[in-house]
S.K.: 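Mind having a look at this structure? Questions to follow.
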Amino acid sequence: MTKDILYDFKSLICTDPDCLQFAKKENDHSWWYIQIIDHNILDEYEGHEEDFITAYENGAIVNGIDIRHAVNTYSKVSASIDLDDYKESEIERCINTFGYTIGRGRNFIDLNREEFKEDKVMLCCESLFEDMLPELLTNEQIKLLY
C-alpha cells in the first residue's frame with residue numbers, strides 16, 4: 001500500500017473541477033490527463049479542486065477512504081493523448097460531441113478562432129481523453145462511479 005505522493009496536482013491544470021480532472025502539457029501536440037472516478041471522493045470534493053489537493057497531500061481520510069492511497073491505486077484513470085495518433089476526421093468527430101469544430105461544422109464553436117489559439121490542442125486532447133474514458137475503466141473502477 002503506497003502512501004507516497006505520486007501526483008503533484010498543484011503543478012497540473014484543473015481542466016474540470018466538477019470531476020476533478022487535471023492535465024499537463026507534454027509537448028505541442030500532446031497532453032497527459034488524470035481524472036478521479038471514485039464517487040465517494042467526487043461527492044466530497046466536486047468543484048473544490050484545492051480542497052482535494054490539500055486532502056491528497058495530507059493523506060486525509062474522508063468517508064473512510066485514505067484519499068492518497070485511493071488516488072495512487074484505483075480511484076483514478078489517466079492517459080496521454082497525442083493528436084498525432086489521430087486522423088483529423090477522428091478528432092473532428094470527437095470534438096463535435098462537445099460542441100467544437102476545427103473548421104468543418106457551422107453549428108459548433110470553431111477552435112481555429114484566435115481566442116482559442118492557446119487552448120486548441122488542449123481542448124482536442126481533453127475531448128479525446130473523455131471519449132476514451134469508458135475504455136480505460138476496469139470493472140472494479142466502474143463500480144466506483146455509483
Side-chain angles (χ1 to χ4, degrees), residues 1-88 90-102 108-146:
M1 177 159 88
T2 181
K3 292 279 192 175
D4 297 334
I5 294 177
L6 299 182
Y7 303 104
D8 180 8
F9 286 102
K10 286 183 178 178
S11 72
L12 304 176
I13 296 168
C14 184
T15 53
D16 190 339
D18 290 335
C19 62
L20 298 175
Q21 180 185 85
F22 297 85
K24 181 178 183 176
K25 183 177 182 177
E26 294 182 313
N27 57 47
D28 289 341
H29 49 87
S30 179
W31 281 74
W32 177 80
Y33 285 85
I34 183 169
Q35 183 167 323
I36 305 305
I37 57 163
D38 189 327
H39 78 87
N40 291 308
I41 297 172
L42 291 172
D43 287 349
E44 185 70 26
Y45 298 106
E46 177 182 23
H48 303 283
E49 70 274 8
E50 290 298 324
D51 293 341
F52 163 75
I53 292 169
T54 300
Y56 176 78
E57 289 178 347
N58 293 332
I61 306 294
V62 177
N63 299 325
I65 297 171
D66 179 325
I67 299 294
R68 188 179 304 157
H69 172 70
V71 170
N72 288 353
T73 54
Y74 57 84
S75 292
K76 55 73 177 77
V77 292
S78 63
S80 182
I81 309 299
D82 187 333
L83 293 184
D84 289 345
D85 294 338
Y86 297 89
K87 296 177 187 173
E88 187 175 309
E90 293 173 306
I91 296 169
E92 183 70 28
R93 177 204 53 79
C94 182
I95 65 173
N96 285 172
T97 63
F98 294 94
Y100 299 114
T101 186
I102 46 178
F108 300 107
I109 298 169
D110 188 352
L111 294 179
N112 289 316
R113 293 191 330 221
E114 185 63 31
E115 65 198 78
F116 294 106
K117 184 178 181 179
E118 297 295 318
D119 297 327
K120 176 182 174 180
V121 172
M122 182 187 75
L123 289 168
C124 288
C125 289
E126 182 177 350
S127 297
L128 289 161
F129 173 71
E130 291 180 7
D131 190 56
M132 73 173 7
L133 276 175
E135 300 167 25
L136 297 173
L137 296 171
T138 66
N139 287 335
E140 291 77 28
Q141 288 176 316
I142 291 171
K143 293 175 188 172
L144 295 174
L145 298 170
Y146 305 102

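No hydrogens, no waters, no symmetry mates; every other heavy atom, side chains included, goes into these values.
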S.K.: Please find the pair of heavy atoms, one from Ala79 and one from Met132, that lie closest to each other, and give the distance.
M.R.: CB-SD, 4.0 Å
S.K.: In terms of relative ring orientation, are Trp32 and Tyr7 parallel, tilted or perpendicular, with 30° and 60° separating the classes?
M.R.: parallel
S.K.: Rounded to the nearest 0.5 Å, what separation is found between the CD1 atom of Ile61 and the NE2 atom of His69?
M.R.: 10.0 Å
S.K.: Closest heavy-atom contact between Asn96 and Phe108?
M.R.: O-CE2, 3.3 Å
S.K.: Taking C-beta and beyond as the side chain, do Tyr45 and Val62 meet within less than 4.5 Å on heavy atoms?
M.R.: yes
S.K.: Please report the interatomic distance CD1(Ile41) to OG(Ser75), rounded to the nearest 0.5 Å.
M.R.: 4.0 Å
S.K.: Please round to the nearest 0.5 Å and tell me the distance separating atom CZ of Phe129 and atom OG of Ser80.
M.R.: 10.5 Å
S.K.: Hey, does Phe9 have a side-chain heavy atom less than 4.5 Å from the side chain of Glu57?
M.R.: no
S.K.: For Ile65 and Asn40, which heavy atoms make the closest approach, and how far apart are they?
M.R.: CD1-CB, 3.3 Å
S.K.: Can you check side-chain contact (heavy atoms from CB on, under 4.5 Å) on Lys10 and Ile53, steps first, answer last?
M.R.: CA-CA 7 Å; Lys10 286 183 178 178; Ile53 292 169; 3.7 Å; yes
S.K.: Taking atom types as modelled, is there a side-chain donor on Asp82 or Ser30 under 3.5 Å from an acceptor on the other?
M.R.: no
S.K.: Which value, rounded to the nearest 0.5 Å, describes the distance between Glu90 atom CD and Cys124 atom SG?
M.R.: 12.5 Å
S.K.: Please walk me through it: do Phe22 and Tyr33 pass ring pair (Phe, Tyr, Trp, His ring centres under 6.0 Å)?
M.R.: CA-CA 6 Å; Phe22 297 85; Tyr33 285 85; over 10 Å; no
S.K.: Measure the shortest side-chain to side-chain distance between Thr97 and Ser127 over non-hydrogen atoms and say whether it is less than 4.5 angstrom.
M.R.: no
S.K.: Please check if the side chain of Asn72 supplies one atom and the backbone of Asp4 the other of a donor-acceptor pair under 3.5 Å.
M.R.: yes
S.K.: Minimum heavy-atom separation for Thr15 and Ala23, please, with both atom names.
M.R.: CG2-CB, 3.8 Å
S.K.: To the nearest 0.5 Å, what is the distance between CD1 (Ile67) and OH (Tyr56)?
M.R.: 11.0 Å
S.K.: Please name all residues satisfying side-chain hydrogen bond (donor to acceptor under 3.5 Å, both in side chains) with Asp85, sequence neighbours left out, ordered by chain then number.
M.R.: none
S.K.: Distance alone, cut at 3.5 Å: any donor-acceptor contact between the side chains of Glu130 and Gln35?
M.R.: no
S.K.: Where do Glu44 and Asn63 come nearest, in terms of heavy atoms and distance?
M.R.: OE1-ND2, 3.9 Å
S.K.: Specify the closest pair of heavy atoms between Arg68 and Gly59, including all atoms of both residues, with the distance to one decimal.
M.R.: NH2-N, 3.2 Å
S.K.: Who passes side-chain hydrogen bond (donor to acceptor under 3.5 Å, both in side chains) against Asp8, sequence neighbours left out?
M.R.: Ser11
S.K.: Just wondering, do Ile81 and Trp31 contact through their side chains at under 4.5 Å, heavy atoms?
M.R.: no
S.K.: Among Ile95, Leu111, Ile109, whose side chain to side chain contact (heavy atoms under 4.5 Å, CB included) with Leu123 holds?
M.R.: Leu111
S.K.: So that I can tick it off, tell me whether Asp131 and Arg93 are bridged by a salt bridge, with the cut-off set at under 4.0 angstrom between side-chain N and carboxylate O.
M.R.: yes
S.K.: How long is the straight-line distance from NZ of Lys143 back to CG of Leu137, given to the nearest 0.5 Å?
M.R.: 13.0 Å
S.K.: Kindly indicate whether the side chain of Glu46, heavy atoms from C-beta on, has any atom under 4.5 Å from the side chain of Phe52.
M.R.: no
S.K.: In terms of heavy-atom contacts, does CG of Asp28 have more than 12 from other residues, nucleotides or ligands at under 6.0 Å?
M.R.: no
S.K.: Can you list every pair that meets side chain to side chain donor-acceptor pair (under 3.5 Å) and has a residue in residues 114-124, with sequence neighbours left out?
M.R.: Asn112-Lys120, Arg113-Glu115
S.K.: Among Ile37, Ile36, Ile34, exactly one meets side chain to side chain contact (heavy atoms under 4.5 Å, CB included) together with Val77. Which residue is that?
M.R.: Ile37
S.K.: Could you tell me whether Lys87 and Glu92 have a side-chain N and a carboxylate O separated by less than 4.0 Å?
M.R.: no
